[in-house]
2 protein chains.
Amino acid sequence: MDVDTDAGELGPLDREGLVQRVARRLSKAIVSGQLPAGQRLSESVIARRLGTSRAPVREAARLLENSGLVTYQPNRGFFVRSFTPTELDNLYEFRIVIELAAVRRLIREGDRQTVPALCAQIDVLHRVAEPGHDMLTQVEADMQFHRLICNGAGNPRFLATFEQIALETELTIMLIGKLYDDAHRLADTHVPIVEAIQAGDAPAASDAMFHHLDVARSLVTEQFRKLEGEKPL
Amino acid sequence: MDVDTDAGELGPLDREGLVQRVARRLSKAIVSGQLPAGQRLSESVIARRLGTSRAPVREAARLLENSGLVTYQPNRGFFVRSFTPTELDNLYEFRIVIELAAVRRLIREGDRQTVPALCAQIDVLHRVAEPGHDMLTQVEADMQFHRLICNGAGNPRFLATFEQIALETELTIMLIGKLYDDAHRLADTHVPIVEAIQAGDAPAASDAMFHHLDVARSLVTEQFRKLEGEKPL
DNA sequence: TATCCGTCGATTGTCGACAATCGACTTGAC
DNA sequence: GTCAAGTCGATTGTCGACAATCGACGGATA
């Protein structure tokens with residue numbers, strides 16, 4: 001590997017600014033649980049720790065606010081978002097609305113090459129189900145499946161809305177600790193959705209997606225209420 | 001009226017920061033058409049004109065970016081959002097998804113005191129339909145009706161999503177110039193929705209809302225394509 | 001002892017200045 | 001005349017410092 005001529009592919013290199021790098025670091029830290037819910041995010045402390053000024057940290061925090069990972073109180077600063085059971089239920093109800101509409105549109109007039117991508121993503125889900133992969137990887141693989149659907153729907157608004165709640169969703173799942181006992185079972189629950197899409201059966205796809213998300217909602221909220229009894233989030 | 005003891009109601013006074021004031025001014029300027037689509041928003045110029053520093057302007061611009069009023073290009077700055085006919089159609093399709101789900105939830109388990117508010121808002125629509133009210137007032141009254149539905153649905157996500165696209169919607173309507181020839185007719189098209197809600201008839205409410213939004217979509221996109229032929233947006 | 005008020009440290013809100021980057025213009029060679 | 005490279009002005013990206021504000025602590029008072 002030559003370092004001067006990284007000849008590989010000449011795509012545009014990381015033109016990602018400092019703000020986005022800070023945002024990525026912060027979101028990783030929050031989703032992975034290093035920063036607990038309710039934790040205060042002092043601009044000065046973060047800036048000093050990352051070796052930057054407060055300005056990029058502040059902008060990054062506002063970005064994360066839109067992603068629902070942090071809340072902002074005027075003259076008080078940023079705090080890691082905490083969830084109530086009701087908020088969590090509302091989140092999943094909203095996901096159902098968005099993703100059902102997305103999958104219907106995908107069948108109606110969406111990109112046909114989405115189906116192979118979905119099948120490939122199910123393979124990925126099985127691969128990361130093997131031991132040796134941490135939970136964050138599994139959650140992100142799961143989210144990627146749903147992202148593909150919203151992306152293939154054809155209306156960019158679905159993808160944009162999905163991205164807005166994606167990190168929140170990841171965070172809530174990570175807060176719980178695990179979704180299914182067997183990650184392979186989680187991977188299999190995606191199969192009926194793809195089959196219905198492939199068949200062009202919109203009602204079946206809707207039902208499959210609804211069932212998939214509704215089961216997830218039940219599991220997450222139930223587990224969340226159980227956890228909430230132990231330690232207040 | 002004593003100025004020292006503005007005894008009226010002792011609610012918390014305008015603690016709205018400089019950022020939000022700037023954002024409000026900018027959004028007004030954009031929606032009202034003072035800043036044309038594609039116009040560059042120079043931080044320095046705006047800051048100088050408003051008598052502030054660049055920092056609040058920058059934050060306000062990022063807020064407006066989330067509302068879809070401005071776009072941001074790294075190292076290039078902020079620009080007033082411009083729409084393609086497809087984007088406009090996607091916006092209205094998305095509104096249909098959100099507001100249909102909202103109205104269904106409103107009937108299912110929403111706040112019952114929303115119905116009187118909706119009736120009152122229809123009265124407002126008729127009032128602002130009279131001569132002497134500018135178009136922005138009419139558009140905002142229309143949006144308020146739909147906001148009430150999303151607010152009363154019970155799941156704050158619907159309201160939050162609505163707010164995110166509310167300014168965009170206002171902007172697109174203002175770009176066109178007018179929606180209906182007779183504003184009273186516009187007010188009347190809201191009546192069937194409220195009636196269906198009051199009757200607790202979810203399918204009828206869905207149909208009424210769909211029809212309402214679908215007509216608006218047709219009118220807006222048609223008018224938009226017509227306008228686009230004359231002056232490129 | 002409980003409550004209220006003033007003080008204080010810490011954090012955010014805002015600012016002006018410098019560095020990095022971009023797009024347009026000029027210049028030059030072919 | 002066309003295209004490429006180099007230069008320049010303007011704008012954004014980032015920074016450090018000062019002012020405004022908040023919540024907590026401590027002391028005075030009833």
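Lettering of chains follows the sequences in order, A, B, ..., and the numbering in each one begins at 1. What you see below is based on every heavy atom in this structure, not just the backbone, and it leaves out hydrogens, waters and symmetry mates. Values in this document were obtained by computation on a predicted structure and should not be read as measured data.
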Using whole Å, report how far CZ of A:Arg48 lies from P of C:dT11.
-> 8 Å

Base, sugar-phosphate, or nothing for B:Phe78, non-hydrogen atoms under 4.0 angstrom?
-> nothing

More than 12 heavy atoms of other residues, nucleotides or ligands under 6.0 Å from CZ of B:Arg24: is that the case?
-> no

Calculate the interatomic distance between A:Arg40 atom CZ and D:dA24 atom C1'; express it in whole Å.
-> 12 Å

Donor-acceptor pair under 3.5 Å: do we get one between A:Arg54's side chain and the base of C:dG13?
-> yes

Below 4.0 Å: OP1/OP2 of D:dG13 and any side-chain N or O of B:Tyr72 = yes

Mapping B:Gln73 and A:Arg76 onto DNA chain D by nearest heavy atom, which one lands closer to the 5' end?
-> B:Gln73

D:dA20 P sits how many Å from A:Asn75 CG, rounded?
-> 13 Å

Nearest whole angstrom, please: distance from the C1' of D:dT12 to the CG of A:Leu18.
-> 14 Å

What nucleic acid atoms does B:Ser42 come within less than 4.0 Å of, heavy atoms only: base, sugar-phosphate, or nothing?
-> sugar-phosphate

Residue whose nearest DNA chain D nucleotide is more 5′ - A:Ala55 or B:Gly77 | B:Gly77

From CG of B:Leu41 across to C1' of D:dA10 the rounded distance in Å is 16 Å

Quick one: is C:dT12 close enough that its OP1 or OP2 comes under 4.0 Å of any side-chain N or O from A:Ser44?
-> yes

Are B:Glu87 and B:Leu91 close enough that some pair of their side-chain heavy atoms sits under 4.5 Å apart?
-> no

Could you give the distance from NE2 (B:His146) to CG (B:Leu118), rounded to the nearest 0.5 Å?
-> 10.0 Å

Please test A:Asp214 against A:Tyr92 for side-chain contact (heavy atoms from CB on, under 4.5 Å), starting from the C-alpha separation and ending with a verdict.
-> CA-CA 8 Å; A:Asp214 198 51; A:Tyr92 271 84; over 6 Å; no

In whole Å, what is the span from the CD atom of B:Glu43 to the P atom of D:dT14?
-> 11 Å

Residue that, paired with A:Leu69, satisfies side chain to side chain contact (heavy atoms under 4.5 Å, CB included) out of A:Val31, A:Leu35, A:Val80 | A:Val31

Between A:Ile46 (CD1) and D:dC15 (C1'), how many Å, whole number?
-> 17 Å

Give a yes/no on whether any side-chain N or O of B:Arg58 is located under 4.0 angstrom from OP1 or OP2 of D:dT12.
-> no

